[in-house]
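Reviewing the structure listed below.
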2 protein chains.
Amino acid sequence: MSETSLKEKVYQELSRITHAISNPKRMELIDILSQKKHTVEELSKKISISIASTSQHLQVLKSAKLVETKRNGNFIIYSISDDSVLRLVSSVKELGFRKIAEIERLINDFKSDKNILESITLDDLFARSKKEKILLIDVRPAEEYESGHIKDAVSIPLDQLKKRLNELPKSKTIVAYCRGALCVMAADAVKLLQSKKFKAIRMEDGYVEWKLKQQEQN
Amino acid sequence: MSETSLKEKVYQELSRITHAISNPKRMELIDILSQKKHTVEELSKKISISIASTSQHLQVLKSAKLVETKRNGNFIIYSISDDSVLRLVSSVKELGFRKIAEIERLINDFKSDKNILESITLDDLFARSKKEKILLIDVRPAEEYESGHIKDAVSIPLDQLKKRLNELPKSKTIVAYCRGALCVMAADAVKLLQSKKFKAIRMEDGYVEWKLKQQEQN
DNA sequence: TTAGTATTCAATTATTTTGTTGAATAGTTG
DNA sequence: CAACTATTCAACAAAATAATTGAATACTAA
């Protein structure tokens with residue numbers, strides 16, 4: 001009797017974790033925080049709901065220990081609490097991208113809307129970098145790069161790319177990445193570069209995927 | 001505009017997956033199905049709610065593509081749809097066992113209630129099996145063993161153990177496993193064996209954990 | 001075809017969740 | 001200390017969820 005009760009409590013606690021990301025806005029919050037720390041106000045703007053609502057969502061995430069807070073001056077900064085959260089989200093995405101026809105359809109629509117053609121994965125990048133000279137560029141906003149980036153990547157935020165083309169070599173293949181499969185910045189960068197006769201290609205994996213891969217190998 | 005809308009739809013679909021396991025009963029269903037296929041009626045008994053409710057929960061899981069069905073005679077058999085579901089659940093548990101104080105407390109209560117003392121992990125098992133002679137026994141019900149088991153494990157369901165002690169050697173270390181960290185059968189087996197002067201120890205990982213580990217290595 | 005049975009559907013009720021607005025709070029900074 | 005401000009709390013309405021019971025369905029098997 002007390003046995004089943006204990007068991008039920010454990011399932012209850014476990015489902016509290018998944019409950020925390022069972023809401024689209026909270027899932028989006030976690031995804032945004034995976035890239036970089038943010039204040040409540042910033043997050044509220046990004047997910048387009050009121051500050052009070054955002055705060056409530058963040059508290060759900062916090063009570064499930066998925067995010068943590070730190071004060072900085074007047075602001076409270078939210079961040080992902082642990083890399084195991086990244087793994088959790090990554091496995092949800094894996095399942096979603098693989099099994100849910102609706103998501104596959106959405107991603108294909110997204111790609112064709114944006115004229116996203118060829119792309120490589122992290123594994124492809126490693127393989128190619130052994131055979132040819134590659135320049136890896138991170139086209140996310142500079143703050144996100146500073147908060148963490150793939151080894152050997154150079155920061156060239158998308159909005160600076162046009163002005164900084166002279167920094168880039170025509171002899172190397174340029175690989176651009178941003179926030180992952182659903183981010184359009186790297187594709188835009190590649191389109192610009194290709195129109196200027198650079199050898200450029202998009203990588204669909206981002207910093208988070210690289211970080212998780214690093215850990216696997218240790 | 002259509003960009004954010006697409007993004008929102010993706011988060012909505014992703015959260016549908018986590019929503020599916022954001023309920024204790026459904027989490028338990030997935031956990032039960034991780035061991036073995038079941039009919040609706042069997043599942044209903046195991047989670048102690050009505051058949052109609054169980055059916056409805058199963059349909060939520062099915063629409064999120066976490067489980068799938070197959071007819072067998074009069075019965076409809078539910079099973080986990082894909083190993084990526086096991087990975088998802090495993091990452092939820094990892095996060096839960098690591099970060100949620102409440103779960104840690106519950107597990108410790110559980111262990112002390114059951115007098116569960118020493119236990120080893122799969123990694124420990126591999127290491128020890130190179131140094132000494134080990135007999136690995138699977139004490140789950142025979143059906144679960146038949147549905148899948150750790151390589152080289154011998155099936156001795158807990159309720160048969162007493163009668164089959166003569167099959168077991170006193171020279172080897174006996175390692176018993178069942179369904180994982182929250183399953184008490186292996187602990188009971190070890191207690192019985194130790195009282196009969198066997199060298200016995202419990203392994204906290206189960207078949208699911210082993211299966212996921214196998215895949216990692218390929 | 002008919003009887004039988006496992007499962008699903010429908011309708012209902014109690015409970016929980018989401019998002020809003022406006023007030024309260026806590027902590028910083030001058 | 002006092003003013004300021006980012007964040008959280010409280011109260012509410014609308015919507016969604018979980019579980020039950022009883023009826024309907026879909027399939028099997030004789």
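Letters A, B, ... are given to chains in the order of the sequence lines, protein chains preceding strands, and every chain is numbered from 1.
Legend: residues meeting side-chain hydrogen bond (donor to acceptor under 3.5 Å, both in side chains) with A:Y11, ordered by chain and number and at least two apart, are B:D31. Legend: residues meeting side-chain hydrogen bond (donor to acceptor under 3.5 Å, both in side chains) with B:E118, ordered by chain and number and at least two apart, are absent.
Between the NE2 atom of A:H19 and the C1' atom of D:dA18 there is a distance of 14 Å, rounded to whole Å. As rounded to whole Å, 13 Å separates atom P of C:dT18 from atom CD of B:Q12. Put simply, CG on B:N72 is 14 Å from C1' on C:dT7, counting in whole angstrom units. Rounded to whole Å, the distance from CD on B:E28 to C1' on D:dA18 is 15 Å. The distance from atom CZ of B:F75 to atom P of C:dG4 is 17 Å, rounded to the nearest whole Å. Between the CD atom of B:E8 and the P atom of C:dG19 there is a distance of 11 Å, rounded to whole Å. Per the geometry, CG belonging to A:L29 stands 10 Å off P belonging to C:dG19, to the nearest Å. Spacing between atom CD1 of B:I77 and atom C1' of D:dT28 amounts to 14 Å, rounded to whole angstrom units.
Side chain of A:N74, nearest nucleotide from D:dT5, C:dT7, D:dT8: D:dT5. The listed nucleotides are D:dT7, C:dT5, C:dG19; the one nearest the side chain of A:K25 is C:dG19.
Electrostatic pairing of B:E42 and B:K45 does not count as a salt bridge here, judged by no charged N lying under 4.0 Å from a carboxylate O. In this structure, B:R87 pairs ionically with A:E94, as a charged nitrogen and a carboxylate oxygen lie closer than 4.0 Å. Salt-bridge formation is detected for the pair B:R105/B:E102: a Lys NZ or Arg NE/NH1/NH2 atom is positioned less than 4.0 Å from an Asp or Glu carboxylate oxygen.
For the contact set between residues 43-61 of chain A and DNA chain C, defined by any heavy atom under 4.0 Å, the members are A:I49, A:S50, A:A52, A:S53, A:Q56, A:H57.
Residues B:Q35 and B:S147 are not in side-chain contact: their nearest non-hydrogen atoms beyond the backbone lie 4.5 Å or more apart.
The shortest distance between the side-chain N/O atoms of A:R71 and the OP1/OP2 oxygens of C:dA26 is not below 4.0 Å. Residue A:Y78 places none of its side-chain N or O atoms closer than 4.0 Å to OP1 or OP2 of D:dA6. OP1 or OP2 of D:dA18 has at least one side-chain nitrogen or oxygen of B:N23 nearer than 4.0 Å.
With A:R16 as the partner, the side chain to side chain donor-acceptor pair (under 3.5 Å) test is satisfied by one option alone out of A:H19, A:E13, A:Q12: A:E13.
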